[in-house]
2 protein chains.
Amino acid sequence: MTHKNITSADVARMAGVSRSTVSRCFKADSRISKKTRERVIEIADQLGYQVNKIARSMITRQSDLVGLVSAGLHDPFAVVLINQLIQKLQKMGLHPILLDASNTQQLELSIKKLAQYQVRSIIITSGSPSSSIGAEFIRLNIPVILLNRAGQLDAAHLINCDNKTGSTLAAKTLLDAGHRRLAFVNSINSTYSGNSRGAFFEQALALKLASGEISLQNIPCRSSDYQGGFQAALDLFANRPPSDQSRSPTGIYCANDNVALGFMDALRHELGLRVPEDLSVIGFDDIPLAGQPAYRLTTLRQCPEAIAEATAKCIQDIPSSTSPQRITIPVKLITRHSVAPAAN
Amino acid sequence: MTHKNITSADVARMAGVSRSTVSRCFKADSRISKKTRERVIEIADQLGYQVNKIARSMITRQSDLVGLVSAGLHDPFAVVLINQLIQKLQKMGLHPILLDASNTQQLELSIKKLAQYQVRSIIITSGSPSSSIGAEFIRLNIPVILLNRAGQLDAAHLINCDNKTGSTLAAKTLLDAGHRRLAFVNSINSTYSGNSRGAFFEQALALKLASGEISLQNIPCRSSDYQGGFQAALDLFANRPPSDQSRSPTGIYCANDNVALGFMDALRHELGLRVPEDLSVIGFDDIPLAGQPAYRLTTLRQCPEAIAEATAKCIQDIPSSTSPQRITIPVKLITRHSVAPAAN
DNA sequence: ACATTTTGTGCAAACGTGTGCACAATCTAA
DNA sequence: TTAGATTGTGCACACGTTTGCACAAAATGT
């Protein structure tokens with residue numbers, strides 16, 4: 001027994017006008033006499049009438065729905081970002097439908113169904129759903145927004161944090177502290193952010209690397225999360241002869257905070273090394289945990305609120321924009337206590 | 001220029017049948033000859049036809065959309081729970097629309113709009129949106145599922161973890177370790193879970209409390225999160241004269257893991273106290289961080305997957321179920337290294 | 001062979017809205 | 001006063017589906 005909704009016909013009858021008039025009373029730019037509009041809205045309110053979005057979507061071929069795909073909620077930065085996105089979208093009257101990209105096959109299925117809901121746009125935030133999915137949406141004329149992801153899609157809107165400045169700052173910070181043996185910790189499963197940061201880090205060090213002043217080592221981890229960082233630190237020092245200890249890196253730049261925290265915990269709790277006395281560590285993102293007393297991680301902050309804000313604005317601008325947008329969000333060095341002058 | 005979708009009329013024309021027939025070919029229980037059905041589906045596939053959910057929803061007054069409201073993504077347990085929910089729902093072909101309950105006023109607005117999308121049901125997971133919202137949905141004949149929340153709504157489906165058994169186990173664990181001065185850390189902003197756990201904890205200790213064998217102190221914190229726990233520990237020892245130190249509690253039960261971690265960090269990093277040597281701490285939830293080497297928190301695990309599974313099943317069963325469901329999910333004691341025998 | 005049931009398909013109405021077009025009413029300008 | 005412009009409203013169709021009803025064809029029973 002479904003509840004009978006009050007429709008525009010009801011309020012039309014009540015107000016002694018046609019359904020068309022009722023409809024037009026809710027559109028700002030329609031030619032309706034002030035008097036009629038006021039009366040109709042009055043009655044509508046009184047009846048608790050609300051326009052049926054489903055019916056409206058059918059005719060306008062547009063909805064207030066937005067697809068939001070993310071590879072699980074494992075990465076803490078992804079979580080705060082999504083949180084901000086939800087709030088901003090909600091404020092704009094948009095409703096995000098969350099899709100999990102962990103299972104690619106599953107995802108492709110869901111994402112096709114999603115297209116049937118006339119979503120206004122789709123935001124792809126992390127992980128790696130095959131970019132063919134994005135292409136599929138482009139083909140259906142549904143705008144695609146890529147957040148911190150590689151842009152193989154020319155037609156997609158791109159919003160990225162400034163990995164170049166960030167990585168350059170990381171390099172400078174470690175160099176200024178006197179570190180000579182540097183390392184970059186990154187997942188072997190290439191992600192856009194990680195690879196990009198690594199490349200810019202190396203680029204910032206290029207001159208000194210060429211002159212032999214400093215060294216740079218790539219430390220691979222299995223996954224770009226806490227466990228990955230943890231294991232990477234273990235692996236790094238596992239089969240290293242004591243005589244070789246003096247050659248291990250002292251300035252560590254991690255692809256993101258989560259990796260950095262895992263790396264630090266392994267150093268401290270498993271390997272008996274101190275941060276920052278023995279090794280300096282820099283992360284990226286500034287996730288909430290990074291600032292807490294257990295870690296006090298020096299890191300590059302990318303502001304999730306700014307990204308969410310830019311995304312919201314991007315969606316708003318899409319109807320009037322002709323070419324896909326390219327937006328770069330600034331990052332900021334947050335100096336805490338995980339970097340100290342090199343001991344040797 | 002919107003992309004022209006292929007409709008059932010297209011495939012009907014192509015197959016030389018009527019739209020009705022096409023529609024029926026996709027419903028399992030319709031009387032359609034095997035031959036026709038196969039041919040139609042063949043052609044539909046070939047054309048890439050997909051039923052328009054919007055149009056279907058309009059006529060069936062049902063959609064594959066599900067409302068999922070949560071108070072931000074701050075609590076780590078809420079995050080893993082939501083993650084599981086998303087995956088399970090996605091697997092069932094349902095699409096969750098996420099709503100943020102941080103701003104109550106904003107929420108009421110969004111949630112009303114949501115009703116217009118004919119959501120199949122609404123899942124309320126944490127935080128405290130006024131229960132009138134739930135009532136509003138009940139009134140609209142939209143099923144409401146409350147997860148780990150108080151049930152002022154008789155008509156709502158209730159899924160709760162077993163706070164009673166959990167708190168009883170916590171009490172037993174601390175008592176068995178020889179602790180006499182116990183405490184419960186909970187937010188002053190009452191949440192259902194926190195209050196419930198506190199009440200059952202006290203209940204489990206009732207006999208020994210009455211006999212004066214042990215003592216129980218309530219430690220309030222401003223919020224039921226990391227910061228709250230952190231500050232609570234600071235407050236507890238702030239204006240306590242050294243002579244009084246011996247009377248402070250040694251067995252601490254926290255309303256949830258997040259509070260427990262904050263509490264522990266304050267003890268260790270700000271107050272110079274050791275866990276578990278000086279104080280024993282038990283949490284609730286078993287969030288991912290709790291198991292990591294920095295904490296090794298002994299805690300009561302409530303399995304997010306089990307809750308999500310129960311929720312999914314609940315939604316599935318709703319059409320055929322007559323009375324609202326009441327489901328309790330078991331919890332399990334996870335023994336790690338934050339509880340030790342009482343020193344004195 | 002005929003009556004009756006079963007099976008398969010089409011017609012048309014409904015869901016609730018937006019919007020082009022027509023047209024009446026009011027207003028403006030000479 | 002009258003022709004034309006402007007304003008406000010209604011009619012009717014469209015969006016893409018589901019589904020009750022009608023009905024032809026096939027199958028069944030006697």
Side-chain angles (χ1 to χ4, degrees), chain A residues 1-41 43-44 47-65 113 115-119 140-141, chain B residues 1-41 43-44 47-65 113 115-119 140-141:
Chain A
M1 182 63 180
T2 352
H3 184 268
K4 177 88 181 84
N5 276 322
I6 33 178
T7 126
S8 69
D10 296 329
V11 21
R13 197 179 319 115
M14 208 70 151
V17 296
S18 73
R19 296 200 320 273
S20 325
T21 303
V22 175
S23 170
R24 281 191 262 254
C25 282
F26 289 94
K27 293 217 50 161
D29 57 341
S30 288
R31 307 189 310 184
I32 286 285
S33 76
K34 210 157 196 74
K35 210 167 49 184
T36 315
R37 168 168 284 152
E38 276 171 4
R39 190 166 46 99
V40 167
I41 290 195
I43 292 182
L47 256 54
Y49 167 74
Q50 290 193 164
V51 16
N52 183 320
K53 294 285 188 65
I54 299 268
R56 167 186 289 181
S57 292
M58 180 137 81
I59 184 75
T60 62
R61 298 166 169 281
Q62 268 268 23
S63 75
D64 294 341
L65 268 20
K113 287 189 184 172
Q116 294 295 331
Y117 277 110
Q118 319 277 22
V119 292
L140 293 169
N141 260 26
Chain B
M1 183 61 180
T2 353
H3 184 268
K4 178 86 180 84
N5 276 321
I6 33 175
T7 127
S8 69
D10 296 330
V11 21
R13 195 179 319 114
M14 208 70 153
V17 295
S18 72
R19 297 200 317 273
S20 328
T21 303
V22 175
S23 171
R24 282 191 262 255
C25 283
F26 289 94
K27 293 216 49 161
D29 56 342
S30 288
R31 306 189 311 184
I32 285 286
S33 76
K34 208 155 197 78
K35 209 166 49 185
T36 315
R37 166 169 283 152
E38 276 170 4
R39 190 165 47 100
V40 168
I41 290 195
I43 291 181
L47 255 53
Y49 166 74
Q50 290 195 160
V51 13
N52 182 320
K53 296 284 189 68
I54 299 267
R56 167 187 289 182
S57 291
M58 180 134 82
I59 183 76
T60 61
R61 298 166 168 283
Q62 268 269 24
S63 75
D64 293 342
L65 267 22
K113 287 189 185 172
Q116 294 296 331
Y117 277 110
Q118 320 277 24
V119 292
L140 293 168
N141 261 25

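Order of the sequence lines fixes the chain letters, A, B, ..., with proteins taken first and strands second; residue numbering starts at 1 for each chain.
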Find the distance [X]:[atom1] to [N]:[atom2] and express it as a whole number of Å.
X	N	atom1	atom2	result
A/R61	C/dT17	CZ	P	19 Å
A/Y117	D/dT17	OH	C1'	13 Å
A/N52	C/dT17	CG	C1'	8 Å
A/F26	C/dG16	CZ	C1'	14 Å
A/M58	C/dT19	CE	C1'	15 Å
B/R56	D/dT18	CZ	P	5 Å
B/R19	C/dA14	CZ	P	15 Å
A/K35	C/dT26	NZ	C1'	12 Å

Sugar-phosphate, base or nothing in reach of [X], heavy atoms under 4.0 Å:
X	answer
A/Y49	sugar-phosphate
B/S33	sugar-phosphate
B/S20	base
B/K53	nothing

Starting at [atom1] of [X], measure out to [atom2] of [Y] and round the result to the nearest 0.5 Å.
X	Y	atom1	atom2	result
B/Q118	B/D64	CD	CG	12.0 Å
A/R31	A/R37	CZ	CZ	12.0 Å
B/Q50	A/Q116	CD	CD	5.0 Å

- Less than 4.5 Å apart, any side-chain heavy atom of B/V11 and any of B/V40?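 Counting from C-beta outward, B/V11 and B/V40 do come under 4.5 Å.
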- Message: Contact between A/R61 and B/I54 at the side-chain level, heavy atoms closer than 4.5 Å - yes or no?
- Response: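 No, too far: nothing below the 4.5 Å cut-off.
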- As a check of understanding: the bend across the helix from C/dA1-D/dT30 to C/dA30-D/dT1, end axes from five pairs, rounded to 10 degrees, works out to 30°
- Check: B/S63 side chain, B/Y117 main-chain N or O, donor-acceptor pair, under 3.5 Å: yes
- Message: Check whether A/S57 reaches the backbone of A/K53 with its side chain - one donor and one acceptor, N or O, closer than 3.5 Å.
- Response: yes
Hey, is the side chain of [X] poking within less than 4.0 Å of OP1 or OP2 on [N], counting only N and O atoms?
X	N	value
B/S23	D/dT18	yes
B/T21	C/dT9	no
A/T36	D/dT9	yes
B/T7	D/dG16	no

- Query: Do A/S20 and A/S23 have a side chain donor and acceptor closer than 3.5 Å?
  - Reply: no
Once hydrogens and angles are ignored, does a donor-acceptor distance under 3.5 Å link the base of [N] to the side chain of [X]?
X	N	result
B/R24	C/dG10	yes
B/R37	C/dG8	no
B/R31	C/dG8	yes

- Map B/V17 and A/A55 onto DNA chain C by nearest heavy atom, then report which one ends up closer to the 5' terminus. B/V17
- Quick note, B/T60 side chain, CB onward, closest among D/dG10, D/dT18, D/dT17 is D/dT18
